[in-house]
Novice: 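Take this structure first; my questions come after.
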Amino acid sequence: MSSEGSPEAARPSNFIRDIIIADIAAGKNDGRVHTRFPPEPNGYLHIGHAKSICLNFGLASEFNGKCNLRFDDTNPSKEETEFVNSIMEDVRWLGFEWDALFYASDYFDQLYAWAVQLIKSGNAYVCDLTSDQVRATRGTTTEPGTASPYRDRTIEENLDLFGRMRAGEFPDGTRTLRTKIDMTSPNFNMRDPVMYRILHAHHHRTGDKWCIYPMYDYTHGESDSIEGITHSICTLEFEDHRPLYDWYVENLGIHHPQQIEFDRLNVSNTLLSKRKLLLLVQKGLVSGWDDPRMPTLSGLRRRGYTPEALRTFCANVGVSKTNGVIELGLLEHFLREDLNKRALRAMAILDPLKIVITNYPADLTEPMEAVNNPADESAGTRTVPFSQVIYIENDDFREVPPKKYYRLSPGTEVRLRYAYFITCQAVIKNEAGEIVEIHCTYDPASRGGNSPDGRKVKSTIHWVSAAHGVQIEARLYDQLLLETTGDETADSDFTSQLNPQSLVIPPNAIAEPSVATAAPGTKYQFERVGYFTVDPDSTPEKPVFNRTVQLRDTWAKIDKAQQP
RNA sequence: UCCCUGGUCGUCUAAUGGUAGGACAGCGGCCUUUGACGCCGUGAACAGUGGUUCGAAUCCAUUCCGGGGAGCCA
């Protein structure tokens, strides 16, 4: 009686999971699992963070452990409360709740005390070198660094100077507290790394209490240690920092969490550099951090992505140490899979072509019954008004149909979804030779779209009654960057790589009346067009829809392949 | 050049010395009142070279290729 797990429950194995399983088996940390998600509040979370969030929270819940949210707020010049709030909102939106909330700044006093301890044990010293001088004496990849002339100050002098640094006696940049490790280490991180720098800056939480701030390397391991973290999961670029992480917790003699590095998430056609995203916002090239074209969680949310789709995606991309790029198509696959289950169906026309049904009574309106979601019977049905003049999608008519074109063309018969079979009788053009409307006849026996005598049509197309349809603003999004790779373009000119078509709003879009009053966030599948989500800008007078993702389009592929 | 780290279908990933599997993408078909969804089928990979072994994607050596590293950023 083995129960079949759902696809999402079948967790792909990964090396971090294996480490944890082995640790539990070995009784390490008394079998405890405690992780943490440690963002710096200097920007909005993006899809890359989602992988880390899902990993940390997912591992904790899988092994009955805990996961903290901790803000790594050691650099006040970049951090803001706005960002901490958005990060909390986004983590919750993704579907996770932290066991405890901390800030690295909670530990500033403890960190200071430990720094004093390291000075007293002869492991740290105050250095008067400027940052340029430090750089010049750090050595190169092939040459060792040289010792700072201040390296052998007495403990008393170091204590005195460090105290005065804290007291605000020295201007920014004039001194640092450095760890005395090894200037000849092949690992630059071990060449007497800076622990504290002087920064007379207002901190979003500690205000003006401090004018010296601890560096990431000095802060992170100890913060993990204080919280009893067992597995400190971070991205690959911190591999070279691990010896230093280990050095601090060992020399302080405190709980030693294990740092494990995994590969950062990269998605094709997607910009995931926080700094570049910041630039887009600052330059006004997007409407904000939650612009639906942004890969931020708030942007994806507004665009219509669901947390479920994001979680399934993260669970399926794998965790390894390879620097890979996931195809955007995989994300879109899981998105469509989820949206297909939950989105209400409706009919909307992005690029309308007028159809007059010449044998249909001009004064008649019929309510046609349409199903709300074929994937979910409980979603029920609705009624869509039908009348003599309707709009169809311009793409659904060709005066000269190419091979394999099944839709409307002169003389052909198609089904109007949930309505009638119609046959194209005439193409009406203006003096310029442009098509202005199509005249069709309908078969009254085909009401509801049912084949009256068993005859087949090759195509079913969607429609909106001209007299009843509502004007909508449909915001059609495409990738933000022209190039196929995301982060490689030099920062200086990556903005020139922006896709001018990343947002297109067709001028005459129209939808069936039922969608007009939907609340922001409501998800629709406009049949045969794509998935759309009601934007917060929406009003009953002017409904606004964001195209979340297109439907797969086999015809577009055939059509393209047929082009000369 | 030095240190760290990694190379498995187009992409991502599994295998833990014993039949190279899955997902997405592709292709072909079935189904269809969405050219959607679904279903079925199919092509496609162990970076190279030596070695150890009855047996190597897996262990060893070496070559090649990629990623990261010299912030008082995280």
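Here the structure is a predicted model, which is why all the values come from computation and not from measurement. Every heavy atom of this structure was used, including side-chain atoms; hydrogens, water molecules and symmetry mates were not. Proteins come first, then strands; the chains are lettered A, B, ... in the order of their sequence lines, and each starts at number 1.
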Novice: Using purine N1 to pyrimidine N3 plus N6-O4 or O6-N4 for Watson-Crick, or N1-O2 and O6-N3 for G-U wobble, both under 3.5 Å, which nucleotide pairs with B:G6?
Specialist: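 Answer to the pairing question: B:C65, which forms a Watson-Crick or G-U pair with B:G6.
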Novice: For A:I558, answer base if it contacts any base atom (sugar-phosphate contacts may also be present), sugar-phosphate if it contacts only those atoms, and nothing otherwise; contact means non-hydrogen atoms under 4.0 Å.
Specialist: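 Touches a base.
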Novice: With heavy atoms under 4.0 Å as the rule, sort A:V325 into base, sugar-phosphate or nothing.
Specialist: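 The residue A:V325 makes sugar-phosphate contact but no base contact.
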Novice: Grab the CG-C1' distance between A:N316 and B:U11 for me, whole Å please.
Specialist: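 Value for this atom pair: 14 Å.
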Novice: Looking at the base of B:G6, is there any donor atom on it, or on the side chain of A:N323, that sits under 3.5 Å from an acceptor on the other one?
Specialist: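 Absent.
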Novice: Using a 4.0 Å heavy-atom cut-off across all strands, classify A:G324 as base, sugar-phosphate, or nothing.
Specialist: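 Touches sugar-phosphate only.
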Novice: Is the shortest distance from a Lys or Arg side-chain nitrogen in A:E79 or A:R205 to a carboxylate oxygen in the other one below 4.0 Å?
Specialist: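 Judged by the 4.0 Å cut-off on N to carboxylate O distance, A:E79 and A:R205 do not form a salt bridge.
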Novice: Strictly by Watson-Crick or wobble contacts shorter than 3.5 Å, is anything paired with B:C12, and which nucleotide is it?
Specialist: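 Pairing partner, where one exists within any strand: B:G22.
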Novice: Could you tell me the separation between the CE atom of A:M190 and the P atom of B:C3, rounded to a whole number of Å?
Specialist: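 Whole-Å distance recorded here is 16 Å.
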Novice: For nucleotides B:C37 and B:A44, find the distance between their C1' atoms and express it as a whole number of Å.
Specialist: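 Looking at atom C1' only, B:C37 and B:A44 are 26 Å apart.
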Novice: Does B:A74 have OP1 or OP2 under 4.0 Å away from a side-chain N or O of A:R197?
Specialist: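 Yes.
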Novice: Identify whether any heavy atom of A:T554 sits under 4.0 Å from a base atom; if not, whether one sits that close to sugar-phosphate; answer base, sugar-phosphate or nothing.
Specialist: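 If one applies the 4.0 Å heavy-atom cut-off, A:T554 turns out to touch the sugar-phosphate alone, with no base involved.
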Novice: What nucleic acid atoms does A:T74 come within less than 4.0 Å of, heavy atoms only: base, sugar-phosphate, or nothing?
Specialist: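 Sugar-phosphate, no base atom in range.
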Novice: Whole angstrom is fine here: how far is it from CD1 in A:I212 over to C1' in B:C73?
Specialist: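 Between C1' of B:C73 and CD1 of A:I212: 18 Å.
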Novice: When the nearest nucleotide of RNA chain B is assigned to A:L416 and to A:P186 on a heavy-atom basis, which residue is associated with the more 5' position?
Specialist: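 Nearest nucleotide further toward 5': that of A:P186.
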Novice: What nucleic acid atoms does A:P243 come within less than 4.0 Å of, heavy atoms only: base, sugar-phosphate, or nothing?
Specialist: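 No contact.
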Novice: Taking 4.0 angstrom as the limit, do A:R17 and A:E62 come out as a salt bridge?
Specialist: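 Yes, charged N to carboxylate O under 4.0 Å.
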Novice: Answer with base, sugar-phosphate or nothing: what part of the nucleic acid does A:S320 contact at a heavy-atom distance below 4.0 Å?
Specialist: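 Contact class for A:S320: sugar-phosphate only.
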Novice: With no angle test and no hydrogens, is the base of B:U34 tied to the side chain of A:Q525 by a donor-acceptor pair under 3.5 Å?
Specialist: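 Per atom types, the contact qualifies.
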Novice: Which nucleotide, in any strand shown, forms a Watson-Crick or G-U wobble pair with B:A57, with both distances under 3.5 Å?
Specialist: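 Pairing partner, where one exists within any strand: none, as none qualifies.
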Novice: Can you tell me if A:E332 and A:Y531 form a side-chain donor-acceptor pair at under 3.5 Å?
Specialist: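 Judged by distance alone, the side chains do not pair up.
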Novice: Ignoring backbone atoms, test whether A:T141 places a side-chain nitrogen or oxygen under 4.0 Å from the OP1 or OP2 oxygen of B:A70.
Specialist: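 False: A:T141 side-chain N/O out of range (4.0 Å or more) of B:A70 OP1/OP2.
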Novice: Decide, yes or no, whether a salt bridge links A:K341 with A:E308 under the criterion of side-chain N to carboxylate O below 4.0 Å.
Specialist: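 Salt bridge flag = no for A:E308 with A:K341.
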Novice: Is A:R552 near enough to B:A25 that one of its side-chain N or O atoms lies under 4.0 angstrom from OP1 or OP2?
Specialist: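 Yes, such a contact exists.
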Novice: OP1 or OP2 of B:U34 versus the side-chain N and O atoms of A:R345: is any pair under 4.0 Å?
Specialist: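 So the side-chain polar atoms of A:R345 never come under 4.0 Å of the phosphate oxygens OP1 or OP2 of B:U34.
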Novice: Under 3.5 Å, is there a donor on one side chain and an acceptor on the other for A:Y248 and A:T179?
Specialist: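 Distance-only check passes for A:Y248 and A:T179.
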Novice: Does A:K557 make a side-chain N or O approach to OP1 or OP2 of B:C27 shorter than 4.0 Å?
Specialist: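 It does, given that an N or O in the side chain of A:K557 lies less than 4.0 Å from OP1 or OP2 of B:C27.
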Novice: Less than 3.5 Å apart, any donor N or O on the side chain of A:Y125 or A:D192 sitting next to an acceptor on the other?
Specialist: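 Yes, a side-chain donor-acceptor pair sits under 3.5 Å.
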Novice: Mind checking A:D18 for me? I need base, sugar-phosphate or nothing, with any heavy atom below 4.0 Å counting as a touch.
Specialist: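 If one applies the 4.0 Å heavy-atom cut-off, A:D18 turns out to touch a base.
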Novice: Would you mind telling me which residue lines up with the more 5' stretch of RNA chain B, A:Y406 or A:N189, judged by nearest nucleotide?
Specialist: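 Nearest-nucleotide comparison on RNA chain B picks A:Y406.
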Novice: Side chains of A:Q525 and A:E527: donor-acceptor distance under 3.5 Å anywhere?
Specialist: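 On atom types as modelled, these side chains do not qualify, holding no pair under 3.5 Å.
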Novice: Regarding A:F238, tell me which of base, sugar-phosphate or nothing describes its non-hydrogen contacts under 4.0 Å with the strands shown.
Specialist: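 Base, at least one base atom sits under 4.0 Å.
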Novice: OP1 or OP2 of B:G35 versus the side-chain N and O atoms of A:R528: is any pair under 4.0 Å?
Specialist: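 Looking at the OP1 and OP2 atoms of B:G35, one of them is under 4.0 Å from a side-chain N or O of A:R528.
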Novice: For A:N340, answer base if it contacts any base atom (sugar-phosphate contacts may also be present), sugar-phosphate if it contacts only those atoms, and nothing otherwise; contact means non-hydrogen atoms under 4.0 Å.
Specialist: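 Sugar-phosphate, no base atom in range.
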Novice: Considering Watson-Crick and G-U wobble pairs with both distances under 3.5 Å, what does B:A36 pair with?
Specialist: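 For B:A36, the partner nucleotide comes out as none, under the 3.5 Å rule.
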Novice: B:C72 phosphate, OP1 or OP2: any side-chain N/O from A:R138 under 4.0 angstrom?
Specialist: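 It does, given that an N or O in the side chain of A:R138 lies less than 4.0 Å from OP1 or OP2 of B:C72.
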Novice: Which residue, A:T312, A:T548, A:T533, A:D338, forms the side chain to side chain donor-acceptor pair (under 3.5 Å) with A:T306?
Specialist: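 So the option named by the test is A:D338.
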Novice: When only distance counts, do a donor and an acceptor, one from the side chain of A:R407 and one from the base of B:G35, lie under 3.5 Å apart?
Specialist: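 Between B:G35 and A:R407, which were checked side chain against base, a qualifying N/O pair under 3.5 Å is present.
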Novice: Going by modelled atom types, is there a donor-acceptor pair between the base of B:G10 and the side chain of A:E327 at under 3.5 Å?
Specialist: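 Side chain to base: pair present.
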Novice: Is B:G71 syn or is it anti, if syn means the base angle is within 90 degrees of 0?
Specialist: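 Here the answer is syn: the torsion falls within 90° of 0.
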Novice: Is A:L236 touching bases, backbone alone, or none of the nucleic acid, heavy atoms closer than 4.0 Å?
Specialist: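 No contact.
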Novice: Taking atom types as they are modelled, would you say the side chain of A:H462 forms a donor-acceptor pair with the base of B:A36 within the 3.5 Å cutoff?
Specialist: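 When only heavy-atom distances are counted, A:H462 does not reach the base of B:A36 through any donor-acceptor pair under 3.5 Å.
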Novice: Can you tell me the pairing partner of B:C27 across any strand shown, Watson-Crick or G-U wobble, with both distances under 3.5 angstrom?
Specialist: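 Pairing partner, where one exists within any strand: B:G41.
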Novice: Using atom P in both nucleotides, what's the gap between B:G66 and B:U52 to the nearest angstrom?
Specialist: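 My reading of the P atoms in B:G66 and B:U52 gives 31 Å.
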Novice: Rounded to whole angstrom units, what separation is found between the CG atom of A:D553 and the P atom of B:G35?
Specialist: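 Interatomic distance, CG of A:D553 to P of B:G35: 9 Å.
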Novice: In whole angstrom, give the distance that lies between atom CE of A:M195 and atom C1' of B:A74.
Specialist: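 For the pair A:M195 CE and B:A74 C1', the rounded distance is 17 Å.
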Novice: Using both distances under 3.5 Å as the test, list the Watson-Crick or G-U wobble partner of B:U52, or none.
Specialist: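 Check on B:U52: unpaired, no WC or wobble geometry under 3.5 Å.
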Novice: Would A:E366 and A:Y420 count as having a side-chain donor-acceptor pair, cut-off 3.5 Å?
Specialist: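 Yes.
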Novice: Any stacking of A:F188 on B:G69, going by centres under 5.5 angstrom and planes within less than 30 degrees?
Specialist: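 No, the aromatic ring of A:F188 does not stack with the base.
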Novice: Parallel, tilted or perpendicular: which one describes the rings of A:W289 and A:F83, with boundaries at 30° and 60°?
Specialist: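 Perpendicular, since the angle between the ring planes exceeds 60°.
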Novice: How far does the C1' atom of B:A61 sit from the matching atom of B:C73, given to the nearest Å?
Specialist: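 Pairwise C1' distance, B:A61 against B:C73, rounds to 40 Å.
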Novice: Does the side-chain ring of A:W555 sit on the six-membered ring of the B:G35 base, less than 5.5 Å centre to centre and under 30° in tilt?
Specialist: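 Yes.
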Novice: Any strand counts, and the cut-off is 3.5 Å on both contacts for Watson-Crick or G-U wobble. Which nucleotide pairs with B:A74?
Specialist: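 The base-pairing partner of B:A74, which may sit in any strand shown, does not exist here.
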Novice: Respond yes when some side-chain nitrogen or oxygen of A:T322 is under 4.0 Å from OP1 or OP2 of B:G66, and no when none is.
Specialist: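 So the side-chain polar atoms of A:T322 never come under 4.0 Å of the phosphate oxygens OP1 or OP2 of B:G66.
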Novice: Just name whichever nucleotide pairs with B:C46, Watson-Crick or G-U, keeping both distances under 3.5 Å, else none.
Specialist: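 Check on B:C46: unpaired, no WC or wobble geometry under 3.5 Å.
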Novice: I want to check one thing: is the phosphate of B:U1, taken as OP1 and OP2, less than 4.0 Å away from some side-chain N or O of A:T140?
Specialist: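 Answer no for this pair, as no side-chain N or O of A:T140 is under 4.0 Å from OP1 or OP2.
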Novice: At less than 4.0 Å, is any side-chain N or O atom of A:R135 found next to OP1 or OP2 of B:G71? Yes or no.
Specialist: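 Yes.
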